[in-house]
Amino acid sequence: MKSFQRAAWPNQLHDPSEQRSPKCEADRSTERGQTMIIDKGLGRHAFDDLIETSADFVDCIKLGFGTAPLYKTDLLLYKIELAKRHGLHVMPGGTLLETAVSQDIVPLFFETACRLGFTAIEVSDGTIELSRAKRTELIQEGLRHGLRVVTEYGKKLSGSLVDASELAVTADSDLEAGASLVTIEARESGVGVGLFDNQGDCRQDALESVCRIFPETHMLMWEAPLKQQQVLLLQKFGPNVHLGNIQPGEALALETMRRGLRSDTFKFGVRELSAEALHYMI
Ligand SMILES: C=C(OP(=O)(O)O)C(=O)O
Ligand SMILES: O=S([O-])[O-]
């Protein structure tokens, strides 16, 4: 039986020196709604398709949870390099860093993430406990390695709900430590966790509390894998809300909602549809 060469994690030694194209940096300010895709293991062709159809509308691809070390090395490097060539951030799932913390191999994690060419990391404590000091240390360690750092607030345990006060305290400290954005946990399912109930519907009271206690909502990225969640957040915050854990096949559909090109947000989607773009289409 053929044996596959797995991506060596955390000992991979390839050093992809190519940097992300700087062309999108201006676009990626917190003023413009960012989209983060969760990739749970796309193959080369599916990933090519994602980039071909959606790179212009995506800011970051997360190789979800601990999938990164399970890839064959050449495929992992291919995906990272392709994403970077198109100006996208690419990061391993927060759970992988949590694994490194719990196995006490954090320095190796950072070294390997950089050598593989990842441009960003997520600092989270969805599964493990992390002290405030350790969380700050991980953020700063990521920055020292030249990585963009996003953090995540919230536990993965079913039934864990957003606590607005705790979120505000955590977000303030994360941003102060240098995080670019704070993500609100909703898992890959978007059900029974964070803001969302067991049907995936938003707990409006929790959302209102977050907005009241932490009004700097442009510094938050909402994990919203389900369409109903994306619609609600777009209606609440407008087309420039930051949305994460978007399924690869939904990237373009989400962008139609940001731009008012779909019934659900027809009236208020205001992201530009240039006359030029329309002209070329016809
Ligand atoms: C999918 C998630 O896990 P991870 O960050 O580990 O990829 C998540 O937190 O939404
Ligand atoms: O593990 S997940 O679905 O965040």
Side-chain angles (χ1 to χ4, degrees), residues 7 9-10 34-42 47 50 58-71 76 79-80 83 88-103 105-106 109-110 112-113 116 118-130 135 138-139 142 147-163 166-167 170-171 174 179-200 202 220-227 229-230 233 241-251 254:
W9 188 288
Q34 296 180 25
T35 295
M36 178 266 278
I37 299 293
I38 180 168
D39 171 356
K40 296 188 289 174
L42 297 180
F47 197 78
L50 169 65
V58 166
D59 299 273
C60 177
I61 298 177
K62 175 172 74 177
L63 304 187
F65 2 98
T67 53
L70 302 182
Y71 282 89
L76 179 58
K79 291 176 68 164
I80 293 171
L88 309 187
H89 276 295
V90 57
M91 65 182 186
T95 302
L96 195 62
L97 177 51
E98 293 186 44
T99 307
V101 171
S102 67
Q103 294 182 7
I105 52 168
V106 170
F109 169 90
F110 280 112
T112 309
L116 286 164
F118 283 106
T119 65
I121 55 151
E122 182 185 278
V123 174
S124 60
D125 56 0
T127 306
I128 63 169
E129 292 305 319
L130 215 50
R135 193 172 167 104
L138 291 171
I139 295 168
L147 298 161
R148 176 185 197 245
V149 178
V150 297
T151 60
E152 184 179 63
Y153 165 81
K155 294 289 181 193
K156 290 189 190 294
L157 200 63
S158 178
S160 341
L161 302 173
V162 169
D163 175 330
E166 188 184 65
L167 163 62
T170 304
D174 288 356
S180 298
L181 280 179
V182 179
T183 310
I184 314 293
E185 176 71 85
R187 301 207 62 172
E188 178 249 335
S189 63
V191 164
V193 71
L195 273 187
F196 306 117
D197 67 19
N198 288 338
Q199 278 66 52
C202 183
L220 301 178
M221 171 175 275
W222 311 86
E223 289 188 346
L226 304 179
K227 181 190 165 201
Q229 301 165 350
Q230 296 156 18
L233 292 163
V241 65
H242 308 309
L243 297 173
N245 281 9
I246 305 302
Q247 299 292 334
E250 296 295 324
L254 170 60

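Given the structure is predicted, the values throughout are model-derived calculations rather than measurements. Both counts, for ligands and for their atoms, begin at 1 and track the order of listing.
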**Q** Looking only at side chains, do Glu223 and Asn245 share a donor and an acceptor under 3.5 Å apart?
**A**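 Distance-only check passes for Glu223 and Asn245.
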**Q** Looking only at N/O atoms, are Leu63 and ligand 1 under 3.5 Å apart anywhere?
**A**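 No, Leu63 has no N/O under 3.5 Å of an N/O on ligand 1.
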**Q** With heavy atoms under 4.0 Å as the rule, classify the contact between Asn245 and ligand 1 as side chain, backbone, both or neither.
**A**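 The answer is the side chain.
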**Q** Given side chains that start at C-beta, do those of Phe109 and Ile121 come closer than 4.5 Å, heavy atoms only?
**A**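 Phe109 reaches Ile121 side chain to side chain.
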**Q** Provide, to 0.1 Å, the distance between atom 6 (O) of ligand 1 and the closest protein heavy atom, together with that atom's residue and name.
**A**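 Of the protein heavy atoms, Thr95 OG1, 2.4 Å lies nearest.
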**Q** Just heavy atoms, cut-off under 4.0 Å: does Glu98 contact ligand 1 by side chain, backbone, both, or neither?
**A**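 For Glu98, no heavy atom sits under 4.0 Å from ligand 1.
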**Q** Is any N or O atom of Glu188, backbone or side chain, closer than 3.5 Å to an N or O atom of ligand 1?
**A**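 Among all N and O atoms of Glu188, none is under 3.5 Å from an N or O of ligand 1.
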**Q** Considering only non-hydrogen protein atoms, determine which one is nearest to atom 3 (O) of ligand 1 and report residue, atom name and distance to 0.1 Å.
**A**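 Answer, as residue, atom name and distance: Lys156 NZ, 2.9 Å.
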**Q** If you have a sec, work out which protein heavy atom is nearest atom 7 (O) of ligand 1 and how many Å separate them, to one decimal?
**A**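 Protein heavy atom with the smallest distance to atom 7 (O) of ligand 1: Phe65 N, 2.6 Å.
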**Q** Name the residue from Glu185, Lys156, Glu98 that meets the side chain to side chain donor-acceptor pair (under 3.5 Å) definition with Ser124.
**A**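 Exactly one pass, corresponding to Glu98.
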**Q** For atom 3 (O) of ligand 2, what's the nearest protein heavy atom and its distance?
**A**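 Sorting protein heavy atoms by distance from atom 3 (O) of ligand 2 puts Glu188 N, 2.9 Å first.
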**Q** Would you mind checking which non-hydrogen protein atom is closest to atom 4 (O) of ligand 2, with the distance to 0.1 Å?
**A**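 The closest one turns out to be Lys156 NZ, 2.7 Å.
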**Q** Which is closest to atom 1 (O) of ligand 2 in terms of heavy atoms, Lys40, Glu185, Arg187?
**A**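 Closest candidate by heavy-atom distance is Arg187.
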**Q** Which ligand 2 atoms does Phe65 reach within 4.0 Å, using its non-hydrogen atoms?
**A**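 Going through ligand 2 atom by atom, the ones under 4.0 Å from Phe65 are 1 (O), 2 (S), 3 (O).
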**Q** Is the closest side-chain heavy-atom distance between Tyr153 and Leu220 below 4.5 Å?
**A**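 Side chain of Tyr153 against side chain of Leu220, heavy atoms only: no contact under 4.5 Å found.
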**Q** A side-chain contact here means heavy atoms from C-beta on lying under 4.5 Å apart; do Phe118 and Ile80 qualify?
**A**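 Result yes, sub-4.5 Å side-chain heavy-atom pair found.
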**Q** Gln247 side chain to Ile38 main-chain N or O, any donor-acceptor pair under 3.5 Å?
**A**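 Checking the backbone N and O of Ile38 against the side chain of Gln247, no donor-acceptor pair under 3.5 Å is found.
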**Q** Have a look at ligand 1 and work out which part of Ile38, if any, has a heavy atom under 4.0 Å from it: side chain, backbone, both or neither.
**A**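 Ile38 to ligand 1: side-chain contact only, backbone stays beyond 4.0 Å.
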